Amino acid sequence: MAWRAARLILLAGAAALASGSQGDREPVYRDCLLQCEERNCSGGALKHFRSRQPIYMSLAGWTCRDDCKYECMWVTVGLYLREGHKVPQFHGKWPFSRFLCFQEPASAVASFLNGLAGLMMLCRYRASVPASSPMYPTCVAFAWLSGR
């Protein structure tokens, strides 16, 4: 029991030491995000945002807050570049320009290809292994869950 308590205290201490990326901690970014959300993400402004948001963005799950994060990220990056500093990371990732609804198109393509490869392997597995095999349901369930 004492070991569990010690692990819990150690984990809580490690979480307290953790911090966001450099861009996330930047006061300019935080202020911009707060102002953008107050200005665009409530009441009539939110209705206006939703009415002008492209359908593919809403289908991809982009929210007003996500849009504010994206816009404020580029405001902060511009400030860093003007001051001669290196581009910071935001939310653990490097800034990428959005293409349609994808902020990281190469990652989206790689994920799609990975899912396609998993589906092809599942089809091969189902074609070559009898359904009566002891681990068949487990392997099929794992393939479906890991592909999502």
Side-chain angles (χ1 to χ4, degrees), residues 4-5 7-129 131 135-148:
R4 279 187 176 172
R7 283 192 338 197
L8 184 60
I9 290 170
L10 185 62
L11 182 62
L17 293 175
S19 60
S21 300
Q22 182 179 353
D24 304 353
R25 295 188 311 262
E26 185 62 47
V28 172
Y29 175 77
R30 290 175 177 251
D31 290 343
C32 175
L33 190 59
L34 184 62
Q35 290 174 9
C36 180
E37 287 177 347
E38 286 176 358
R39 189 174 54 246
N40 300 321
C41 300
S42 61
L46 181 59
K47 288 179 184 176
H48 178 68
F49 168 80
R50 289 182 179 153
S51 70
R52 65 178 170 78
Q53 184 183 32
I55 188 75
Y56 59 85
M57 295 290 283
S58 59
L59 289 175
W62 279 84
T63 64
C64 183
R65 179 171 168 76
D66 293 329
D67 204 53
C68 283
K69 286 180 181 180
Y70 181 77
E71 296 300 327
C72 291
M73 174 185 70
W74 286 113
V75 167
T76 308
V77 166
L79 178 67
Y80 265 70
L81 293 176
R82 277 194 306 276
E83 298 292 326
H85 300 290
K86 289 192 254 179
V87 175
Q89 286 188 332
F90 293 84
H91 309 286
K93 299 175 184 174
W94 295 107
F96 285 93
S97 293
R98 195 181 326 175
F99 174 71
L100 296 177
C101 59
F102 303 107
Q103 190 166 338
E104 298 178 26
S107 176
V109 169
S111 293
F112 174 75
L113 293 175
N114 186 38
L116 190 60
L119 182 62
M120 288 175 47
M121 292 308 295
L122 176 62
C123 290
R124 284 185 184 178
Y125 179 81
R126 292 178 77 179
S128 62
V129 175
M135 292 298 290
Y136 182 87
T138 304
C139 291
V140 170
F142 179 77
W144 278 113
L145 290 175
S146 64
R148 298 194 183 241

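Only a predicted model underlies this, so the values are computations on that prediction, with no experimental measurement involved. Starting from 1, each residue takes its place in the sequence as its number.
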Chemist: Report the residues that fulfil disulfide (SG to SG under 2.5 Å) with Cys41, sequence neighbours left out, ordered by chain and then residue number.
Modeler: Cys64
Chemist: How far does OH of Tyr70 sit from SG of Cys36, to the nearest 0.5 angstrom?
Modeler: 13.5 Å
Chemist: Output side-chain donor-acceptor pairs under 3.5 Å for residues 75-86, partner residues at least two apart or in another chain, one line each.
Modeler:
residue, atom, partner, partner atom, Å
Thr76, OG1, Cys72, O, 2.9
Tyr80, OH, Gln22, NE2, 3.1
Tyr80, OH, Glu26, OE1, 2.7

Chemist: List the residues meeting side chain to side chain contact (heavy atoms under 4.5 Å, CB included) with Ile55, not counting sequence neighbours, and say none if there are none.
Modeler: Ser58, Leu59
Chemist: Quick one: salt bridge (charged side-chain N to carboxylate O under 4.0 Å, His left out) partners of Glu37, sequence neighbours excluded?
Modeler: Arg65
Chemist: Would you please name every residue forming a side chain to side chain contact (heavy atoms under 4.5 Å, CB included) with Gln89, sequence neighbours left out?
Modeler: Ser21, Trp94
Chemist: Could you tabulate the donor-acceptor pairs under 3.5 Å formed by side-chain atoms of residues 119-128, not counting sequence neighbours?
Modeler:
residue, atom, partner, partner atom, Å
Arg126, NE, Tyr136, OH, 3.4
Ser128, OG, Arg124, O, 2.9

Chemist: Over all heavy atoms of both residues, which pair between Tyr29 and Met73 is shortest? Give the atoms and the distance, please.
Modeler: CE1-N, 3.7 Å
Chemist: Taking side chain to side chain donor-acceptor pair (under 3.5 Å) as the definition, give me every residue that meets it alongside Thr63, ordered by chain and number, with sequence neighbours left out.
Modeler: Asp66
